[in-house]
Protein chains: 2
Amino acid sequence: MSNTEKDFLTNYNIHDYELPLTTVDMAIFTIRDEALNVLLVKRNQHPAKGKWALPGGFIDTHKDKSLDDTAKRKLVEKTGVKISHVEQVASFSGKKRDPRGWSVTIAYMALIADEHIKLIKDESSEEIQWMPVHQIGKKMSLAFDHKGILNACHERLKSKIQYTSLPVNLLPSEFTLSELQTTFEILLEKPVEKKSFRRRILSSDILEETGAMKSGPSRPAKLYQVVNKEGKNYLFPRTLEGSR
Amino acid sequence: MSNTEKDFLTNYNIHDYELPLTTVDMAIFTIRDEALNVLLVKRNQHPAKGKWALPGGFIDTHKDKSLDDTAKRKLVEKTGVKISHVEQVASFSGKKRDPRGWSVTIAYMALIADEHIKLIKDESSEEIQWMPVHQIGKKMSLAFDHKGILNACHERLKSKIQYTSLPVNLLPSEFTLSELQTTFEILLEKPVEKKSFRRRILSSDILEETGAMKSGPSRPAKLYQVVNKEGKNYLFPRTLEGSR
DNA sequence: GATATTAGTGTCATAAAGCCACTTAATCAA
DNA sequence: TTGATTAAGTGGCTTTATGACACTAATATC
């Protein structure tokens, strides 16, 4: 009988145990046309061939150092976006969610700005497109349990904007306070009081003026950018209630 | 060539792909002797034999309907506790965290009351015991990346008590407001102002008086219990700043 | 140059927390 | 029995951050 850890590992066969299928799935969010959109791909392969799904797939145990790597790799493969907010949300599991067997998927969400993005259709999908989240309500069906996963990611996003500065990740690098407010309003699904909003954001020191202005058909607005604090999201002392 | 999903599944072999080892690990917290404690087991088997670790292990694809089931099963196996707060925290992954190969573990935390608990040592562990979390600082080493997992669970707990009623799950079914306040103070690691605390808790309607009193060497205190709301944790409108 | 439009501010009201001294109800020691 | 001690519980003022909303400011357009 072997006794040391080395002996143990020499005789260890990963397939002696029944392992679940383990994958990563991802809700990539952006704001387009005044609405929250999520990226969907039409599956090219069985199972659930022809159905719309969240991008995702197997871990590449050679390329990926961690699940975060897998998620970031998927994001780059589909959008070309390298830097953005990527966050683990939750895991989903069970015998029935995938017909291939007992499976686990680790769900991620990513927030990206809708600028200069060309969606990349690779061999794994027939089609790829942005879809407004509110249109995936009851009518549209998604592959596997992806609607539940999308819901969890959407809920996480909605809950986080109550007390963090997360939504700045959905905007391009420079933006006006009004644009930021509109983004908050889209996510909160209700209007936000202008003065409260500006006071809150400006007193938190998460933004700084770029010096430039954005001019339009009316009074020009100051442009702001995020102060670099290693991706830390500011926590507000109170939640944003929003006007009723 | 096969074409239908049925044909695809017939020919599908789960071991054609390199799957990561997937497990569940759990930080089971309780309050003992005025300190936050976590349950540790001494590993009986390779790898990391003889090291202290968080309880956890493989998914039983026959018994467990989901990872939540796996986590709850582990909790019952070690403590006998069936009803409690169990929450998924995060996943940890990589090639190096377990010498057996690329692995993923889904970390859970559980909050239980320290009453009538007999720890159950099964074949999988040599020893099982409560350990104050602050004693696992820099000195003590844990198996695998379990110290990082424990940290993540501890952080999640600390962040959640800022705005939720979660800590009630660490107390027995009946308790006084002072006991609850002490629990908050242990978790926040700073004193809490009595009046503010009581106002906050009482106006939130998460508790109700049992009618009974707890008598001690001084003025007796009212006993409270959690109002049953299907385990929902109340969200406070502001965070608890705590006295400085 | 008047008007429309959006940016941005002044100021008071409100809600929930902080602060801290006070009262209350019990035990304990003499 | 009474006064000291202790912990439970309250009164009431202060502080902080948000809500409400009317106001001023700067630009384009007609």
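The figures here come from the full heavy-atom set of this structure, side chains too, leaving out hydrogens, waters and symmetry mates. Each chain gets a letter, A, B and so on, in the order its sequence line appears, and its residues count up from 1.
A:Thr70 places no side-chain N or O within 3.5 Å of a backbone atom of A:Ile59 that could act as its donor or acceptor partner.
Ring geometry for B:His146 versus B:Phe144: interplanar angle of 30 to 60°, hence tilted. Taking the six-membered ring where tryptophan is involved, the planes of A:Tyr163 and B:Tyr163 are tilted, since the angle between them lies from 30° to 60°.
At a cut-off of 3.5 angstrom, counting only N and O atoms as typed in the model, there is no donor on one side facing an acceptor on the other between the side-chain of A:Arg238 and the base of D:dT18. The base of D:dA7 lies outside donor-acceptor range of the side chain of B:Arg219, with no N or O pair under 3.5 Å. Scanning atom types as modelled, one donor and one acceptor separated by under 3.5 angstrom connect the side chain of A:Arg199 and the base of D:dG19. With hydrogens and angles left out, the side chain of B:Lys195 and the base of D:dG9 share no donor-acceptor pair within 3.5 Å. Checked by distance alone, A:Lys194 brings a side-chain donor or acceptor within 3.5 Å of a matching partner on the base of C:dG8.
Each of B:Gly216 and B:Phe236 was matched to the nucleotide of DNA chain C holding its nearest heavy atom; the match closer to the 5' end belongs to B:Phe236. Residue whose closest nucleotide on DNA chain D sits further toward the 5' end, between A:Ser218 and A:Phe197: A:Phe197.
Not one side-chain nitrogen or oxygen of B:Ser215 sits closer than 4.0 Å to the OP1 or OP2 atom of C:dA26.
In this structure, OH of A:Tyr224 is placed 12 Å from P of C:dA7, rounded to the nearest angstrom.
Comment: A:Lys214 does not engage A:Glu174 in a salt bridge, judged by the lack of any side-chain N to carboxylate O separation of less than 4.0 angstrom.
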